[in-house]
Amino acid sequence: MTNLKLKLVHLYPLFLNIYGDIGNVKVLQNRCEWRGIELEIQQLNVGDKLESGTDIFFIGGGQDRQQVEVSHELQKLKNLLTEEYNNNAVFLGICGGYQLMGEYYQPHDADRLEGISILDAYTEAGSTRFIGNVSAEIDYISEKNTLVGFENHSGLTYLRGDTTPMARVIVGNGNNGIDKTEGARSKNAFGTYLHGSFLPKNPHFADYMIKLALQKKYNDDIELEPLDDSIELKAHESVLNKAY
Ligand code: GLN
């Protein structure tokens with residue numbers, strides 16, 4: 001198929017973009033462009049209008065105080081975002097953004113922050129801050145069965161219902177340092193604690209997201225032209241071999 005187009009909305013980049021999480025959007029943009037897929041990107045900030053028909057949503061991480069503002073703003077978009085989730089739009093939330101994709105995030109000494117509940121999960125602030133490299137295992141991407149990244153969070157996330165882990169921890173803490181789960185998935189919505197930013201070291205996951213978005217938009221299993229990922233995979237392996 002030619003003239004493939006996708007639309008990505010980057011939610012609240014002025015508030016949630018800690019540790020360069022915008023790098024994830026740049027990876028999706030490059031990997032689409034290198035294949036001749038037009039990726040329209042909208043940065044949605046406070047007060048901006050969100051139209052329906054988005055294929056990919058991205059939301060980055062941030063400190064508790066930035067999450068307060070975004071939690072409030074997200075409630076205004078909850079119905080439309082839920083509709084898009086039900087229409088199989090692809091979501092990727094990193095850390096603080098991930099936490100707000102669940103039911104709520106309860107910080108240490110502040111009111112509970114309501115999420116949008118597209119992931120059946122909840123987060124409560126823990127007493128330890130998890131900081132370090134994470135490697136994790138997946139079984140749904142044939143090209144590669146590992147994901148790597150850097151975690152820095154005190155929130156402890158617990159999954160419920162039919163929301164499944166995005167990956168299983170090999171090294172690091174992941175969702176809560178107890179149940180060996182990392183991140184979450186429900187339909188095409190993904191959340192993860194992996195900063196880094198995440199996608200540059202996990203090109204196979206970026207392509208998986210693009211394929212899901214094309215499937216959703218064109219109702220066709222479109223194969224992506226392979227790219228030379230030798231540098232990206234060197235970066236992947238460098239983290240995979242690091243102890244925590
Ligand atoms: N403020 C949240 C926490 O500490 C998220 C942090 C982040 O996005 N890195 O758990």
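No experiment lies behind these values; they were computed from the predicted model shown. When reading the values below, keep in mind they use all heavy atoms of this one structure, side chains included, and skip hydrogens, waters and symmetry mates. We count ligands from 1, going down the list as the structure has it; atoms in each ligand are counted the same way.
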- [ ] Run the salt-bridge test on Glu73 and Lys76 with the 4.0 Å N-O cut-off and return the result as yes or no.
- [x]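 Yes, Glu73 and Lys76 are salt-bridged.
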
TODO: Indicate yes or no: does Glu114 engage Lys78 in a salt bridge with an N to O separation below 4.0 Å.
DONE: no

Task: Asp55 and Tyr218: side chain donor to acceptor below 3.5 Å - done: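 Result is no, nothing qualifies.
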
Open item on the list: List the residues meeting salt bridge (charged side-chain N to carboxylate O under 4.0 Å, His left out) with Asp207, not counting sequence neighbours, and say none if there are none.
Closed with: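 In terms of salt bridge (charged side-chain N to carboxylate O under 4.0 Å, His left out), with neighbours along the sequence ignored, Asp207 is linked to Arg31, Arg35.
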
- [ ] Could I get the full list of salt bridge (charged side-chain N to carboxylate O under 4.0 Å, His left out) partners for Asp179, not counting sequence neighbours?
- [x] none

Task: Whichever hydrophobic residues join Trp34 through chains of side-chain contacts under 4.5 Å - done: Leu227

Task: Residues in contact with ligand 1, criterion: heavy atom under 4.0 Å - done: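 Near ligand 1, by chain and number: Tyr19, Gly61, Gly62, Gln63, Asp64, Gln67, Cys95, Gly96, Gln99, Tyr105, Arg129, Asn152, His153, Ser154, Gly155, His195.
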
